[in-house]
Amino acid sequence: MNDHIIIKGARQHNLKNIDLKIPKNKLVVITGVSGSGKSTLAFDTLYAEGQRRYVESLSAYARQFLEMMEKPDVDSIEYLSPAISIEQKSISRNPRSTVGTITEIYDYMRLLFARAGAVHCPVCGKLVQSYSVQQIVDRVLAFGEDAKVEIMAPVVRGKKGEYKKLFEKLLKDGYVRAVIDGEVRRLEEPIELDKQVKHSISVVIDRIKIKESVNRRLTDSVETALGLGEGLVEVMTDDRRDLYSQKFTCPDCDISIEEIEPRSFSFNNPFGACPECEGLGEKQVFDTEAIVPNDEISVREGAIEPWQQFDNFHFYNTLVALSEQFGIDMNKPYRDLTEKHKKILLEGLDEPIKMFTFKGEKKVFYDKKFNGVFGLLKEKLYTGTQTDRDFAKKYMSAQNCPSCDGARLKRTSLSVFVGGKNIAEISAMNVREVLEFFEGVTFDGFIKDVAAKIINEIKRRLKFLNDVGLSYITLERKASTLSGGEAQRIRLATQIGSGLTDVLYVLDEPSIGLHQRDNDMLIATLKNLRDIGNSLIVVEHDEDTIYASDFVVDMGPGAGRKGGEVVFTGHPEELKHCEGSLTGQYLSGRKAIEMSAERRKPDGRCIELAGATENNLKDISVKIPLGLNICVTGVSGSGKSTLIMDTLQVALKKKLLRNNARSGAFRDLTGVEQLDKVIDIDQSPIGRTPRSNPSTYTGVFTDIREIFAMTQDAKVRGYKISRFSFNVKGPKGGRCETCQGEGYIKIEMHFLPDMYVKCDACHGKRYNRDTLDIRYKGQNIADVMDMTVNQGFEFFENIPKLKNKLAVLKDVGLGYIKLGQPATTLSGGEAQRVKLAKELMKRPTGKTLYIFDEPTTGLHFDDINKLVKIFARLTDSGNTVIIIEHNLDVIKCADHIIDLGPEGGEGGGEIVFEGTPEDCAKCKASYTGKYLKGKLVT
């Protein structure tokens, strides 16, 4: 039985004492409806126990430096291999962390550039080489038999002065001749130089006729010249004059380059980092777009936003002075002012302006320096209070460092080339381009052998990234900008590169963010990891991944308390025939996500974004028809998020909310007046602490507290609504003061994992005894917060306001989550649906634009079916829905498709298709259409 992992009595979270045998060295998919216990089984049970056993095997000293997971609630797990978790979490929020650094590709590139790079002068661009004494001697001997050469030491190079003391010292040391400004002079002669003119002086060390017997003499002369010339030696013949350096020094510019080492190319090390931005590649500067969010109004009307916060009289006085003295029309739209006048307003003046004040009824003039808006903001930033500093920072944004132009490194580091490119230029390429570059780069001499080994390591890692569908990602991309799916696939590629065997890999929906075209590459990678001798457990809903697996575990039958059971185990083809499996019903076609009988037609209303050029967008213009369900599709990295999230969404909010956020670059945006608000619903957490939960976020908690405050017992005791909040301390609040409303107390265990134990005073209920005495229908507020949404819906069936809100949470597929479930335990998909529910609880206006970024993340077929109905509900109310999505079931139900591509990265950024799903399926240029064709067949 040691070829199976045997689980007995698993009761973690909602698992119902399950027993299970999972085959080892196979690709195993765990699937099931959202909340059925998939992640609990895979991560909180199998991975947690595997990782815990490994850490427990280490010494007590080592354990204190490692996070040790809590033992899962399970009777036993036998034949468990060491486990590695590859989850959907951002790799790093550190701005210094990039794709290149986290995959170690950049580290190998630093080594390559240090050992095989060609050093050039950062000023003139000429190749700079360092020569040993022997190399210089060999070059001189190469002039041939009987060649006459002069060995000279350059002691002065292009500097002003008379140098009388230098000539005296050289003569005293026994030197006879020197070449001064190109003329040979004897040192015993009186030499008069103009001290206001730059001079070049080279001392003649030796005159030699090349023959076999001069090797020793030539070596001594070169060594002497290098010592006197501080690492430089000149070799002159009748027709040429060569300059050699023992250091990396440009002979023409007299610039010395410190020794090239791997750290010279690290932007996290002062030896390589750009001194101005300290290796970040960007600086926070005052942003004109934020300062002037609306340039269609005049200065007097408030075009320069920060001025609105200043003293009104000072503001008026300044406007009058600038208008009278410099002819600035304060009633003209800001965009129509001359560049000179704009510069005065923003940057100020060197000369003072004539201001005035009143003393009694008399107008008194005085001179005052005008520093412009930038000057006023700088004053607040550097000398103001914390409030002032926060105010000034609102008008700042990150822009490329003017010194390194975003390359992060010193000029000298950027002047080292491999294959004609510096390290920053290679980092700016995408994975596919870098792989092609290193396939074609060549070296000469002994460097060829040195570089070959390093390049093989680089190419190996690049190939793994390419194989998991990340060919479009650039090496310089910040780790903080990666999606959960991208971060997970980078970890997957790194693990493949490690070459470990007999390991249990646990993955969380690795197909997220992947187009169907790229999914095949991912599946091949997973199979390769299996074939080298590892066990893979993948939590996944993707149909292709389920069919590609060797073994399927289907959890269910429902979610939350209705889940936690094993519905099916076996081959994916057998799952289709399992009547009790909701997954099987969708795979077999007995259940399906149905399209509406008739698609909505455009009614002429639209918003148009013109000239979008952010990131890889190629000056595209797109029309968004209003009142429709619109899917934005395309292969991974084609520019979908850049177009919709970074450009359109930010630009719309800027116009509608008049905020100062910086959007992606575009030329024009029209039709905004047809909308009243824009709501983007992403997968960021609804709260960062356990105090935040679905009830507090949606406002349901307030309604529940109101009900308890209206009970007879609460009125008798004088309890108000605040009494039922676990965030308000006494006497007004009713939280337990022992745990301060947390319900648990954290105990640090040093080399063991930190423990959270139930509070002795409230037993985890968060409230004090008096508050818990208040009951509604026999339940206190802690009991209610422990209910699921489904239970709460039934419990509050006679309270229409609360029942309707809970019905919305049910409709978006969250009936299984608890009302008081901590926000930190919600997945990205669950958090996104909580946000959606909050918006659905509001009264629809019919003029709202909803934007969703991959809303099917973490959703089962049945949950996607519910979500598609929600989208239809929003659109039927007159609103517009934009969905960035790869899921074909969602795409086929759209009214309108905008397909980007044709490829990812530099090969994308163009509009491949706009129109209905049926027409998209006929478009040969669209990869989406190719895969969509099969879904539209009835």
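Keep in mind that what you see is a predicted model, and the values were worked out from it rather than measured.
Contact check for Q516 versus Y927: no side-chain heavy atoms found under the 4.5 Å cut-off. The closest side-chain heavy-atom distance from V99 to E476 is not below 4.5 Å. Side-chain contact check for M555 versus E565: every heavy-atom pair is 4.5 Å or farther apart. The shortest side-chain heavy-atom distance between I630 and I883 does not fall under the 4.5 Å cut-off. Using a 4.5 Å cut-off on side-chain heavy atoms (C-beta onward), N879 and L849 make no contact.
Taking a cutoff of 4.0 Å between a charged side-chain nitrogen and a carboxylate oxygen, D676 and K847 do not qualify as a salt bridge. R599 and E918 are joined by a salt bridge, as a carboxylate oxygen and a charged side-chain nitrogen come within less than 4.0 angstrom of each other. A salt bridge does not link D531 with K527: every distance from a Lys NZ or Arg NE/NH1/NH2 to an Asp or Glu carboxylate oxygen is 4.0 Å or more. Salt bridge annotation for D619-R667: present, with a cationic side-chain nitrogen under 4.0 angstrom from a carboxylate oxygen. Using a 4.0 Å cut-off between charged side-chain N and carboxylate O, K640 and D853 make no salt bridge.
No cation-pi contact links K835 to Y697, judged by a cut-off of 6.0 Å to the six-membered ring centre and 45° from its axis.
Here the two rings, on Y850 and F871, have centers that are 6.0 Å apart or farther.
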Might you work through the side chain to side chain donor-acceptor pair (under 3.5 Å) test for T481 and R477, ending with a clear yes or no?
CA-CA 7 Å; T481 67; R477 181 167 166 183; 3.0 Å; yes
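Partners of E543 under the side chain to side chain contact (heavy atoms under 4.5 Å, CB included) rule, at least two apart in sequence or in another chain, are Y547, L587, F861, K935.
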